[in-house]
Protein chains: 2
Amino acid sequence: MAQESYKDKKVITIGIVRELTGLSERQIRYYEERKLIFPERTAGGSRKYSFSDIELLMDIAEKIEDGVQTYEIRQEMIKDKKKAEEARLRKKMIQGQLNAQFGVRKI
Amino acid sequence: MAQESYKDKKVITIGIVRELTGLSERQIRYYEERKLIFPERTAGGSRKYSFSDIELLMDIAEKIEDGVQTYEIRQEMIKDKKKAEEARLRKKMIQGQLNAQFGVRKI
DNA sequence: ACAACGATGTTAGAAAACCTTACATAAAAA
DNA sequence: TTTTTATGTAAGGTTTTCTAACATCGTTGT
């Protein structure tokens, strides 16, 4: 469980992210400052991104081009995360009920 | 087709590979010298590895610990690649035959 | 209209990461 | 026993990344 796949592992340095996204390092760091993205750090302090981060950055860039401000993008992201969490909970509850009815008994 | 997924994209620098594999940079570069692994390079000359490379490095490390020499590992790899290529060809041929018999006609 | 903010560029200096080459060494192979 | 293999380490140089600061220009708020 908790599928930690390649896609989410933070292993890519900012230079590569620049190449892959076409964004400037300035932009990438700025979006972090605006709390849109959360790289990890090496021991020495260098940023490390995942492929997911790269996809997210490209989504962000698109919205920015469409005139959306970082603040609004952030609000959207928070809203989306809440929705995802609710969905997760609902799913879990239904699972729980199913298990109660039909699951393996421990006695 | 030609599934270029995250797993095969060369985006990871040697320091991260060191952390992920537990190997020293010396070892990682040496295995390249012995033609066991083929990182790409940035414009400036830094090595870039994929997750596949990392898996391969860990396999290599295991064999080395078991006393297998790099030269032998290389021979195995060449042999394996040949086999994979043969299998690919066989599959393709069978596909071709199936298409000839039952495939969509263009007339 | 004008001040404040937002997004980005650029510069500078420092630190981290990476590169190649060379020399050293211990164990294994020839 | 000589050679090769695998690895460590050091030196010196280049690339990459970092933060902080200042500049610019378009947009927003008053």
Side-chain angles (χ1 to χ4, degrees), chain A residues 9-51 53-79, chain B residues 9-51 53-79:
Chain A
K9 255 196 170 310
K10 309 237 177 188
V11 295
I12 309 177
T13 51
I14 198 167
I16 311 274
V17 174
R18 176 174 37 65
E19 284 184 11
L20 263 39
T21 60
L23 299 172
S24 70
E25 297 187 12
R26 183 68 166 92
Q27 288 174 303
I28 298 167
R29 296 200 188 97
Y30 181 66
Y31 300 152
E32 177 183 356
E33 190 181 322
R34 303 315 307 269
K35 300 201 198 310
L36 299 181
I37 195 151
F38 304 92
E40 292 178 1
R41 299 280 184 141
T42 67
S46 293
R47 275 167 259 251
K48 294 185 294 183
Y49 302 86
S50 67
F51 283 111
D53 290 333
I54 289 175
E55 288 185 5
L56 180 50
L57 278 170
M58 295 178 62
D59 290 350
I60 293 169
E62 197 177 306
K63 288 183 186 165
I64 296 264
E65 282 185 20
D66 293 352
V68 187
Q69 291 185 206
T70 54
Y71 180 79
E72 304 173 51
I73 297 175
R74 178 155 161 70
Q75 298 311 310
E76 284 176 37
M77 282 177 50
I78 291 170
K79 208 167 288 177
Chain B
K9 255 196 168 315
K10 310 236 176 187
V11 295
I12 310 176
T13 51
I14 198 167
I16 310 274
V17 175
R18 176 174 37 66
E19 284 183 10
L20 263 39
T21 59
L23 299 172
S24 69
E25 297 187 11
R26 183 65 165 96
Q27 288 174 304
I28 298 166
R29 296 201 188 98
Y30 181 65
Y31 300 151
E32 177 183 358
E33 189 182 323
R34 303 314 306 270
K35 299 199 198 313
L36 299 181
I37 195 150
F38 305 91
E40 292 178 0
R41 300 281 184 140
T42 67
S46 294
R47 274 167 260 250
K48 294 186 296 184
Y49 303 85
S50 67
F51 282 111
D53 290 334
I54 288 176
E55 289 185 4
L56 180 51
L57 278 170
M58 295 179 61
D59 291 349
I60 292 169
E62 197 176 306
K63 288 183 186 165
I64 296 264
E65 281 183 20
D66 294 352
V68 187
Q69 291 185 208
T70 54
Y71 180 78
E72 304 173 51
I73 297 175
R74 177 154 163 71
Q75 297 311 310
E76 284 175 39
M77 282 176 49
I78 291 171
K79 207 167 290 178

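Chain naming here is simple, since letters A, B, ... match the order of the sequence lines and numbering starts at 1 in each.
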Starting at [atom1] of [X], measure out to [atom2] of [Y] and round the result to the nearest 0.5 Å.
X: Thr70(A); Y: Ile37(A); atom1: OG1; atom2: CD1; value: 13.0 Å
X: Tyr49(B); Y: Ile16(B); atom1: OH; atom2: CD1; value: 12.5 Å
X: Asp53(B); Y: Arg47(B); atom1: CG; atom2: CZ; value: 12.5 Å

In whole Å, what is the span from the [atom1] atom of [X] to the [atom2] atom of [N]?
X: Arg74(A); N: dG6(C); atom1: CZ; atom2: P; value: 14 Å
X: Leu36(A); N: dG6(C); atom1: CG; atom2: C1'; value: 13 Å
X: Lys35(A); N: dG6(C); atom1: NZ; atom2: P; value: 14 Å
X: Ile28(B); N: dC18(C); atom1: CD1; atom2: C1'; value: 12 Å

Margin query: Please check: side-chain N/O of Lys10(B) versus main-chain N/O of Phe38(B), any donor-acceptor pairing under 3.5 Å?
Written below: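 Checking the backbone N and O of Phe38(B) against the side chain of Lys10(B), a donor-acceptor pair under 3.5 Å is found.
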Next item on the list: Tell me, yes or no, whether the heavy-atom count around Tyr71(A) atom OH, taken from other residues, nucleotides or ligands under 6.0 Å, exceeds 12.
Entry: no
Check: Which heavy atom of Leu36(A) sits nearest a heavy atom of Met77(A), and at what distance?
Finding: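 Shortest heavy-atom contact: O-CE, 3.4 Å.
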Next item on the list: Summarise protein proximity over nucleotides 5-26 of chain D in one line of letters, 5' to 3': B for base, S for sugar-phosphate only, - for none, counting protein heavy atoms closer than 4.0 Å.
Entry: SBBBB-----SSSSB-------
